[in-house]
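To start, the structure itself, in structure tokens.
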Amino acid sequence: KRVNFVPTDFVLLEISSDPGRVGWFGPGPATNRQHPTHPAEDHIAMATGHGAVIVAASLAEKLEKARKLADSGNRGQAVLLLQRALCLLDDRKTATAPARSAIHRDIAQHYALDGDLRSSIKHLEFVKLLAPAEATAVDGQLAAHYEALGDKLLADRRVAEARTEFAHSLALASSENLQAKIIDCLLAEEQYSKAFAALKAAMRPTHADGSVAPGMLLTRARIFVDHENYSAAADDVAALKSVENLSSQQQQRLADLEQRLQTVAEKSLGQARASIRDGEIAQAYARLTTCLAANPKDVPSLLQKGCVERYRGSFEASVPLLQLAMTLAKAANDEQLYQCALRELAATHNEAGVAMERHAENVDAVIGHLGEAIKLSGGRQRRCFINRAAMLHRRGDLQEAATDYQAALALDPDDHDLVRPRLAQVLYELVVPEYDAGHFGQCDADLTRVLELHTATPYLTARASARIQLGNTAGAAEDIVAALKLDPTDERARALATQVFPGRSVSELVPLNESL
């Protein structure tokens, strides 16, 4: 009997109780022949006992014709033939499942080659249903199709649809790349909370040693760069550089990230220097911050920001920046940058000490800063010696203060206006205990040294007193007259004059200085 109606190029079968004989209803005369033996038809026939229904057709010819059409590039016609071949099989008979699965696989392949991924996915789903044993392999193909479909949608800026396809793919085959694409889609959709939640979940340790997969670190670093979080990106890049056995693709991605960060750093440094020239310190500071976020070990940027911090009065921030610049320059054998960092660090310590002195802050801290400045400058910064001597003097360390003033004077022996008067004052204060102890001869000698540095009324009257105690009245008289010449109103000089020159007035003594 006739089983079904199909187009005329299909061959219909006469059902017979003899499973080896078939009767043909088709173009041309009816014939009898044995069942075809094409490999694809191994599972077509199904016997159900006496009067079994044998479903068979010219399947082999159609499969062969479809193959030839596909080989010649006519995949559309090949698909039509394969779909007609499916009509020959009873989809309610499980015995035909392997044959139908094979045909669905061929159709899926042709659709994929033609770029019709959705149709290919539909037929691969049939393959998975009909051949459960092949589910793993089919899942791999499906995952690839969903990802490719997502890429196409993303290229067309259909971001939400693309994310859905990526999620389908990820459900079938875990992939760091797919996770990254989903996160990118969420960011593009401005769903930041979901994006970073997905990123956080993806960053959970996946290795036995508790480390994170390099692919996800690369993804996170790229996202950080895209969103100008350069500091976090630089941290991830540094972590990735310590990872061994990166794939060639991962190494390329890492190199691209490093190049992007370097470009940001160079651009920001150039802008910062322009801002400094224009006096826009706040803008320069912001750009240098960006530069160091992208490249934390860039020595010129560290130098520039250290100087800007000093200019802003942030000495505690300036010092570590300049120290790091020194360390990195030394490690790189860059003597020019090293010396530059050294000078700037010495200047920073000096200015920090001066600023703290100006605000009457902790004297010990000021002395510490100035000591660092002297050490860093190799004892060549005269101003540092002067400033530290002043603080030592304030603290009462007279001998150390004198040593610093002497070092400053050695660097500029012609300084008569600043260092000599200060050194003379310190040495004078050192003489006072000697006088109190009755060491008048030592006092005379020390005060003579003081007066060689700087002439002042207190020093003259002090030496005059020591000379009176030594019985050197003539020398005392010289000092008293000289003191009155400098300051006729000085009470101590006037009192000593009364003692050495009884009955004579100051007006009488001062002209005497000229004859002496």
Side-chain angles (χ1 to χ4, degrees), residues 143-144 147-148 150-151 154-155 159 162-163 166-167 169-170 173-188 192 194-272 287-302 305 321 324-325 327-334 337:
E147 183 176 4
D151 289 336
L154 196 58
V159 181
R163 178 164 57 86
F166 291 143
S169 181
L170 186 62
S174 179
S175 164
E176 295 172 9
N177 189 44
L178 284 168
Q179 289 176 311
K181 288 180 178 181
I182 291 171
I183 292 167
D184 282 337
C185 289
L186 288 167
L187 290 170
Y192 299 115
K194 288 185 178 180
F196 285 99
L199 182 60
K200 184 177 180 180
M203 293 301 298
R204 290 174 184 155
T206 55
H207 296 171
D209 59 0
S211 61
V212 176
M216 290 316 302
L217 274 177
L218 285 163
T219 297
R220 186 171 70 175
R222 179 183 55 74
I223 290 171
F224 283 144
V225 172
D226 291 343
H227 290 78
E228 299 183 359
N229 188 348
Y230 302 120
S231 178
D235 288 342
D236 280 350
V237 167
L240 283 161
K241 291 174 76 172
S242 64
V243 176
E244 298 179 357
N245 301 322
L246 289 177
S247 68
S248 58
Q249 182 182 14
Q250 289 172 336
Q251 290 174 353
Q252 183 59 51
R253 290 173 64 190
L254 178 58
D256 292 343
L257 283 171
E258 289 184 287
Q259 183 58 50
R260 288 183 65 184
L261 289 173
Q262 184 62 30
T263 300
V264 169
E266 290 173 356
K267 180 179 178 181
S268 299
L269 180 59
Q271 292 172 336
R287 285 170 173 167
L288 285 168
T289 300
T290 299
C291 179
L292 288 173
N295 187 358
K297 295 184 178 181
D298 184 63
V299 177
S301 300
L302 288 166
K305 190 172 184 184
L321 289 169
L324 180 57
T327 302
L328 294 172
K330 186 175 183 179
N333 294 320
D334 192 328
L337 281 177

For Gln179, side chain to side chain contact (heavy atoms under 4.5 Å, CB included) partners two or more places apart: Leu170, Glu176, Ala202, Met216
Under the side chain to side chain contact (heavy atoms under 4.5 Å, CB included) test, residues paired with Ala144 that sit two or more places apart: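 Here no residue qualifies.
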Derivation and outcome, side chain to side chain contact (heavy atoms under 4.5 Å, CB included), residues Ile223 and Ile183: CA-CA 9 Å; Ile223 290 171; Ile183 292 167; 3.4 Å; yes
How many angstroms lie between [atom1] in [X] and [atom2] in [Y], if you round to the nearest 0.5 Å?
| X | Y | atom1 | atom2 | value |
| --- | --- | --- | --- | --- |
| Leu288 | Gln271 | CG | CD | 10.5 Å |
| Leu261 | Tyr230 | CG | OH | 8.5 Å |
| Cys291 | Leu269 | SG | CG | 5.0 Å |
| Asn295 | Ser231 | CG | OG | 11.5 Å |
| Leu218 | Gln251 | CG | CD | 10.5 Å |
| Leu321 | Lys305 | CG | NZ | 6.0 Å |

Looking only at non-hydrogen atoms, find the nearest pair between [X] and [Y] and report the distance.
| X | Y | result |
| --- | --- | --- |
| Ala173 | Leu178 | O-CD1, 3.7 Å |
| Ala294 | Val264 | CB-CG1, 3.9 Å |
| Val299 | Ala329 | CG2-N, 4.1 Å |

Exam field: side chain Ser242 to backbone Ala239, donor-acceptor pair closer than 3.5 Å: yes
Side-chain donor-acceptor contact under 3.5 Å, Gln262 with Glu258: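 The criterion, which ignores hydrogens and geometry beyond distance, is not satisfied for Glu258 and Gln262.
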Arg253: which of Leu246, Thr219, Leu240 passes side-chain contact (heavy atoms from CB on, under 4.5 Å): Thr219
Where at least one partner belongs to residues 222-232, residue pairs that pass salt bridge (charged side-chain N to carboxylate O under 4.0 Å, His left out), sequence neighbours excluded: Asp184-Arg222, Arg222-Asp226, Asp226-Arg260
Intermediate values then yes/no, side chain to side chain contact (heavy atoms under 4.5 Å, CB included), Phe166 and Asp151: CA-CA 8 Å; Phe166 291 143; Asp151 289 336; 3.3 Å; yes
